[in-house]
Amino acid sequence: DQKKTAPQTSGRQDQATVLYPEPVSHFDNLGPRYRISKALLRNIKDNGYTTTTEVQLGALPLLLGSRADVLTQGAVKTDEEASVLDVDLLSIAPTGSGKTLAFMIPLIHALVLSRRSQTISGPQAIILAPTKELASQIANEGRKLALNTAIRITNVRKGMHIDSDQSSDQDASSKDVPPVKADILVSTPAALRNAIGDVRTSSRALSQIRFLVLDEADVLLDPLFRDQTLAVWNALSNPDLRLGFWSATMGSSIEELVKATIKSRAEKLSGIGPS
Ligand code: ADP
Ligand code: MG
């Protein structure tokens, strides 16, 4: 009987497919494959990006369509199928290899998609970077990519407080620093911890955070920054929080922490580990 010798389609094989979606060599190919918004595609083009770098080639398909690639073999037809950023990711690639774009494009895309399907109040993503300069650069790069997408990106500074009610604009005339109204917060751990500690920032303000990106994760998790980084991380209450670690180098102790975190989350999600 031919049937008996045919390879079994098991959950295990599906998982292997999730891990290796087709690489993407040109940004143009993202549109048809992942239903990327026209504005985002245009911004990528207008900023002069045509071919992907090595880290983008692999990371973009993982972050944009891990689920969709499995369900539809690459052709995403509905927003639901385009359900994105379904993975935690540790990415190690050299300085100058284009890591910012590799996490920023999927983040903006994910927020554009969720914006289409639900009313959102409060920021949904945090990008942490070790220095103010780096955070500011990331925010600037992000704003260029988010032009005309309605996704707001704010570089968090000391003294800012974060508002959970993003709909009201009435604070603008206050002589105090107005509350941050943003979808993506880019910050140093210290500035964000400061904002979280602000009495005006309710704990609800960060309850909508679904994505935490650690840029230069090796630095953010080294002894100098680690406590501050973990303070921010621990303040995020969303059980579905997705993590992205990006680094040029990764020390062994950091690698272990990241792997342990990703593993325990994966086990929790698949129901095989302790909950
Ligand atoms: P990393 O974070 O890996 O050190 P960056 O994200 O800062 O690298 O990118 C380094 C430079 O490469 C930036 O000036 C960025 O605009 C540029 N860059 C990124 N991706 C591409 C691409 N696909 N094509 C051309 N230039 C790119
Ligand atoms: Mg970088």
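Whatever order the structure lists ligands and atoms in, that order sets their numbers, starting from 1. For the numbers below, each heavy atom of this structure counts, side chains included, while hydrogens, waters and symmetry mates do not.
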- [ ] May I ask you to check whether Arg210 and Ser114 show a side-chain donor-acceptor distance below 3.5 Å?
- [x] yes
Task: Protein residues that have a heavy atom under 4.0 Å from any atom of ligand 1, sorted by chain and number - done: Phe27, Tyr49, Thr51, Thr52, Thr53, Gln56, Pro94, Thr95, Gly96, Ser97, Gly98, Lys99, Thr100, Leu101
Open item on the list: Check this for me, if you would: do Arg115 and Asp183 make a salt bridge, where the nitrogen-to-carboxylate-oxygen distance has to be below 4.0 angstrom?
Closed with: yes
Open item on the list: So if I apply the side-chain contact (heavy atoms from CB on, under 4.5 Å) rule between Leu192 and each of Thr229, Val232, Val186, which one comes out positive?
Closed with: Val232
Open item on the list: Test your reading of the model: is there a side-chain donor-acceptor pair from Lys144 to the backbone of Asn43, 3.5 Å cut-off?
Closed with: no
- [ ] Indicate yes or no for a side-chain donor-acceptor contact from Asp88 to the backbone of Leu243 under 3.5 Å, with no hydrogens or angles considered.
- [x] yes
Open item on the list: Walk me through whether Gln124 and Ile209 qualify under side chain to side chain contact (heavy atoms under 4.5 Å, CB included).
Closed with: CA-CA 4 Å; Gln124 293 180 79; Ile209 299 287; 5.6 Å; no
